[in-house]
Amino acid sequence: MADDRDELGKTVKRIAATINRRGHATWFHTDNEFQDAGEKYSVAQWANVMNERHGWNIRAIRKNPRDYPDCLADFGPDGAHRPEIMGVEVTELVDKAAIGAHQMERRLAEADELKNLSDAERRDLLWRKWPEWPVDKFKERLAERVCDKDTRSRDRSLKKQFLLVVTDEWLLDERTVGQYLDEVTQPHPRTYDADNLMLSYMPSHGNDGYYPVFEVPLDP
């Protein structure tokens, strides 16, 4: 038991260290160290929503040994002799300049050089750390992520294939994203049956919390 606690403590410390290194929008908590676990976790939360919303039965979520798409899952009736297999590719909607600004501030602080910044440089660093997300930026960055992930050939052995975009940008809350998506229509992807966007965990008064999931509007 002590060994288990020691290992858990080491893992928590590693996660905390990677969060500190990144400093912004930490859906995956990582640069790469815990990315596999983050992808499986995000697909599991998405699957919970889709199972409830559509009456699906997505289960047995696992990493794809061929790496693309990121995760595989069984779906269809329990007990089927051969369950159908779906694939889910996971990507992140994040302001990378903000991650860089947080990391720069940490490096300057460690070198005791923050005091040398001018007032203008301090203001610039602050604005870059906490970026705004107007609708045009949201539409452009979402389209970039979808297009970037729609360049590979579809795995024809899979019954369904989805793209899951995850974000925890603090200004992209459920209400804002819902309004922004009213202004979005994207070409239907070649590789995926649908594009979904999932936000971070939302607490709910008196009930379990939830992960908001949106289906990105596509051209017919």
Criterion side-chain contact (heavy atoms from CB on, under 4.5 Å) on F138 and L93, from CA distance to verdict: CA-CA 9 Å; F138 171 81; L93 181 64; 4.0 Å; yes
Check: A47 main-chain N/O paired with R59 side-chain donor or acceptor under 3.5 Å: no
Contacts of K149 that satisfy side chain to side chain contact (heavy atoms under 4.5 Å, CB included) - sequence neighbours left out: E89, T91, R145, L163, Y192
Test log, rule side-chain contact (heavy atoms from CB on, under 4.5 Å), inputs V43 and V90: CA-CA 8 Å; V43 172; V90 184; 3.6 Å; yes
side-chain contact (heavy atoms from CB on, under 4.5 Å) evaluation trace for V94 with E169: CA-CA 6 Å; V94 65; E169 287 283 344; 3.6 Å; yes
Donor + acceptor pair across side chains of D150, T191 (<3.5 Å): yes
Stepwise side-chain contact (heavy atoms from CB on, under 4.5 Å) check, V216 with V146: CA-CA 10 Å; V216 178; V146 172; 5.7 Å; no
Over 12 foreign heavy atoms within 6.0 Å of NZ, K63: yes
Separation between CG of N64 and CD of E39, rounded to the nearest 0.5 Å: 10.5 Å
Atom pair CE/CD of M50 and Q45 - distance to nearest 0.5 Å: 14.0 Å
Geometric class of the Y211/Y201 ring pair [parallel <30°, tilted 30-60°, perpendicular >60°]: perpendicular
Interatomic distance, D136 atom CG to Y180 atom OH [nearest 0.5 angstrom]: 9.0 Å
Close aromatic pair by centroid cut-off 6.0 Å: F162 and W46: yes
Spatial distance of atom NZ (K137) from atom CG (L172) [nearest 0.5 Å]: 8.5 Å
Pairs touching residues 181-195 that satisfy salt bridge (Lys or Arg N to Asp or Glu O under 4.0 Å), sequence neighbours left out: R154-D193
Spacing of CZ belonging to R62 relative to SG belonging to C71, to within rounding of 0.5 Å: 10.0 Å
